[in-house]
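The basis for the numbers below is simple: all heavy atoms, side chains too, and nothing from hydrogens, waters or symmetry mates. When a residue number appears, it is its place in the shown sequence, counting from 1.
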Amino acid sequence: MGELWPVPDVLAFLAGCWRTERSVRDLANGLEGRFEGVTSFDALDAGGLISRESGVFTWQGVSRPAERTLRYEPGDGPARADVRFADGRPFHGLDLTSGHHVADHPCAADLYRGEFTVRDPDRWQTVWRVGGPAKDLLLTTDYLRETPGGQRPGPVRPRSGGSSGPRDPSRWS
């Protein structure tokens, strides 16, 4: 797994803009796709972050715009966050105290299992394995901070005390 980078404050770590590269493999039929773009983590007025991912997804030689929005709300302690879909539905918890976390998200008959690994202050990765009767996918996403050295725009506000998404792998869950 390599070296891990413990994260004492997950929202402060994520804040800012990240170059985002994702490979998507359909393990059932061998097809592969790729997403390239950026993910911006910006402060929410009520605390936490909103994550806006945008870029281009290429699947079977066809490229098209793709985007996704998630909310990262303060969790139980600074190294933890509750990740939610844009509409507020729960997605998964996230605890990067050790620099590594595994999360599950049941989605109808499918199970999304995500592994989060922080390599250093400017680099982290997610690997999602999606399995079920209609899906057999492996999604690996690498994030590289656009401004190395941990410089982040603006402060993160202080902390306070099941999806059945589209089948399009660029918008999984």
**Student:** Rounded to the nearest 0.5 Å, how far does CD of Gln60 lie from CG of Asp26?
**Tutor:** 9.0 Å
**Student:** Could you tell me which non-hydrogen atom of Cys17 sits nearest to which non-hydrogen atom of Val38, and how far apart they are?
**Tutor:** SG-CB, 4.2 Å
**Student:** Assess whether atom CZ of Arg25 is packed by more than 12 heavy atoms of other residues, nucleotides or ligands within 6.0 Å.
**Tutor:** no
**Student:** Where is the tightest heavy-atom contact between Trp18 and Phe13, given as atom of each residue plus distance?
**Tutor:** CZ2-O, 3.4 Å
**Student:** Looking only at heavy atoms, what is the nearest atom pair of Leu4 and Gly99, with distance?
**Tutor:** CD2-O, 3.9 Å
**Student:** Roughly how far, to the nearest 0.5 Å, is the CZ atom of Arg145 from the CG atom of Leu14?
**Tutor:** 8.0 Å
**Student:** For residues Leu27 and Val130: do they belong to one hydrophobic cluster (side chain heavy atoms under 4.5 Å, members Ile, Leu, Val, Met, Phe, Trp, Tyr)?
**Tutor:** no
**Student:** Any salt bridge between Glu146 and Arg19, counting N to O under 4.0 Å?
**Tutor:** no
**Student:** Between Glu67 and Arg52, is the closest basic N to carboxylate O distance under 4.0 Å?
**Tutor:** no
**Student:** Ignoring hydrogens, what is the shortest heavy-atom contact between Asp95 and His101? Give both atom names and the distance.
**Tutor:** O-CB, 3.2 Å
**Student:** So how far is it from Asp142 CG to Arg119 CZ, rounded to the nearest 0.5 Å?
**Tutor:** 9.0 Å
**Student:** Identify whether the distance between the nearest side-chain nitrogen and carboxylate oxygen of Arg22 and Glu53 falls below 4.0 Å.
**Tutor:** yes
**Student:** Starting at OG1 of Thr141, measure out to CD of Glu21 and round the result to the nearest 0.5 Å.
**Tutor:** 10.0 Å
**Student:** Within this structure, what is the CG-OG1 distance for the pair Leu144 and Thr39, rounded to the nearest 0.5 Å?
**Tutor:** 11.5 Å
**Student:** What's the shortest heavy-atom distance between Ser51 and Tyr72, and which atoms?
**Tutor:** CB-CE1, 3.6 Å
**Student:** Between Ala79 and Thr97, what is the shortest heavy-atom contact and its length?
**Tutor:** CB-OG1, 3.2 Å
**Student:** Can you find a heavy atom in the side chain of Ser98 that is under 4.5 Å from one in the side chain of Val118?
**Tutor:** no
**Student:** Which distance, rounded to the nearest 0.5 Å, do you find between the CG of Leu49 and the CD of Glu73?
**Tutor:** 10.5 Å
**Student:** Are the aromatic ring centres of His105 and Phe85 under 6.0 angstrom apart?
**Tutor:** yes
**Student:** Do His92 and Trp128 make the cut of ring centroids closer than 6.0 angstrom?
**Tutor:** yes
**Student:** Count I, L, V, M, F, W, Y as connected when their side-chain heavy atoms are under 4.5 Å apart, and connections chain through other members. Are Val102 and Trp124 then in the same cluster?
**Tutor:** no
**Student:** Any ion pair linking Glu36 and Arg34 (charged N to carboxylate O, less than 4.0 Å)?
**Tutor:** yes
**Student:** If two hydrophobic side chains count as joined below 4.5 Å and joins carry through other members, does Leu138 share a cluster with Phe35?
**Tutor:** no
**Student:** Are Trp5 and Phe116 an aromatic pair by the rule of ring centers under 6.0 Å?
**Tutor:** no
**Student:** Would you indicate whether the side-chain heavy atoms of Asp82 and Pro90 approach each other to under 4.5 Å?
**Tutor:** no
**Student:** Could you work out, with salt bridge (charged side-chain N to carboxylate O under 4.0 Å, His left out) as the rule, every residue matching Asp120, not counting sequence neighbours?
**Tutor:** Arg123
**Student:** For Arg129, give me all partners under salt bridge (charged side-chain N to carboxylate O under 4.0 Å, His left out), at least two apart in sequence or on another chain.
**Tutor:** Asp136
**Student:** Is it the case that one hydrophobic cluster holds both Val7 and Leu70, taking links as side-chain heavy atoms less than 4.5 Å apart, direct or via other members?
**Tutor:** yes
**Student:** Can you find a pair of side-chain heavy atoms, one from Val127 and one from Leu139, that are under 4.5 Å apart?
**Tutor:** no
